[in-house]
*Asks:* 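Please find one structure pasted underneath; my questions will follow.
Numbering of ligands and ligand atoms starts at 1, following listing order. What's counted below: heavy atoms across the whole structure, side chains too, no hydrogens, waters or symmetry copies.
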Amino acid sequence: MSPKKYRTHQSIGFIGLGMMGSRMIGHLKGYAKELLIMDVDTVRAQEAATRANGRSVSSVNEMANADIVVLMLPNSKVVDSVVRGEQGKPGLIDLLSTGAMIIDMSSSTPSNTIENAALAAQKGLLYMDAPVSGGPTGAESGKLAIMAGGTEEDFLHAKPLLDRMGTNVILAGAVGSGHAVKALNNLLSATVLAATSEVFAAGEKFGLDPEVMQKIINASSGGSFATSHTWPKAILPKSYDFGFALALMHKDVGIGMSLIESTGIKTTLVNASAKMWDRALKASQPGADMTEITRQIQKEAGL
Ligand code: NAD
């Protein structure tokens, strides 16, 4: 096999400037000669362009000459529409030139990612997944954990760009592996959050002070990201605004569960957690934060 021809990092495209993308873009200021920014919400695109000293564009067509295009979009349905095109409109794979790379940093479905990578390869393009963990705080500080999927060679090509946005940039395996480990991580974290919510509700009903309980459990074997981050930030102050949408967590739980089903292994605990997240989403208002599940559990407990 002849060695791959990589393009430079001189022209970077970034699509999706929401809660995460709007913060990640700040770290790309001055990285490339050209930074092209796009979001269906043109106000967000413009604000990001100002922040990162880039240029906001109104369609993917204007990214045709980009060397690398980063995606930070809500889900695989949206990613696929941008990558493959829809309703007669071209997608990135129809527009980009040979050797250009698409890096999907969204939390997407691994099987869709593998399919997109195959379609991209047919056009001489490179495709990687590089989802993140660390939320808006990690995005703002440039300290995201980034779990990549792709070949070692492609990973080394992408790494200088990923290093601008994260501190823990790890190759998880072949393309799709980053999205797989991301979904499994969030399924685990969602299950721990649901369990912690039930345990804290029981403690409070017993008469324990939630702040005291948090201090003790966080320093003990039951401690987790939920007790170290979620409780102090969004549960103890009763703001229920951690900064990660319930709908996005529900999506990740669903991806994790379908991955588990595809392996054929039988699980019990995460199935119960997935049902809780289904119920929480149904009972919530659009735009609710993931900590809405805790509020609902507290309400059911009469707290
Ligand atoms: P978000 O909904 O805040 O942002 C998504 C952005 O994509 C929005 O600005 C939206 O206008 C834009 N968009 C939607 N469709 C588009 C299209 N067709 N073309 C261009 N732009 C389009 O979501 P977010 O919280 O920033 O999350 C982005 C991704 O990162 C998701 O996949 C999410 O699961 C993942 N993630 C989020 C967090 C978090 O804490 N928020 C943490 C880790 C991973």
*Asks:* Which donor-acceptor pairs under 3.5 Å do the side chains of residues 26-36 make with protein atoms, sequence neighbours left out?
*Replies:*
from, atom 1, to, atom 2, distance (Å)
His27, NE2, Ala139, O, 3.0
His27, NE2, Glu140, O, 2.9
His27, NE2, Gly142, N, 3.2
Tyr31, OH, His9, ND1, 2.5
Tyr31, OH, Leu161, N, 3.3
Glu34, OE1, Ser11, OG, 2.8

*Asks:* Between side-chain atoms of residues 230-238 and protein atoms elsewhere (two or more places apart, or another chain), which donor-acceptor pairs fall under 3.5 Å?
*Replies:*
from, atom 1, to, atom 2, distance (Å)
Lys233, NZ, Phe242, O, 2.8

*Asks:* Can you list everything that forms a salt bridge (Lys or Arg N to Asp or Glu O under 4.0 Å) with Glu292? Sequence neighbours excluded, please.
*Replies:* Arg295
*Asks:* Anything under 3.5 Å between an N or O on ligand 1 and a protein N or O? List each pair with its distance, or write none.
*Replies:*
from, atom 1, to, atom 2, distance (Å)
ligand 1, 3 (O), Met19, N, 2.9
ligand 1, 9 (O), Gly18, N, 3.4
ligand 1, 9 (O), Asp39, OD1, 3.4
ligand 1, 9 (O), Asp39, OD2, 2.6
ligand 1, 9 (O), Arg44, NH1, 2.6
ligand 1, 11 (O), Asp39, OD1, 2.6
ligand 1, 21 (N), Val40, N, 3.3
ligand 1, 26 (O), Met19, N, 3.2
ligand 1, 26 (O), Met20, N, 2.8
ligand 1, 32 (O), Leu73, O, 2.8
ligand 1, 32 (O), Pro74, O, 3.1
ligand 1, 32 (O), Ser107, N, 3.0
ligand 1, 32 (O), Lys251, NZ, 3.0
ligand 1, 34 (O), Ser107, OG, 3.4
ligand 1, 34 (O), Lys251, NZ, 2.9

*Asks:* Does Ile93 share a hydrophobic cluster with Met38, counting links as ILVMFWY side-chain heavy atoms below 4.5 Å and allowing steps through other members?
*Replies:* yes
*Asks:* Do the side-chain N and O atoms of Lys182 and Asn186 include a donor-acceptor pair separated by under 3.5 angstrom?
*Replies:* yes
*Asks:* Begin from the C-alpha positions of Arg84 and Glu115 and carry the test salt bridge (charged side-chain N to carboxylate O under 4.0 Å, His left out) through to its verdict.
*Replies:* CA-CA 10 Å; Arg84 305 175 193 183; Glu115 225 170 278; 3.5 Å; yes
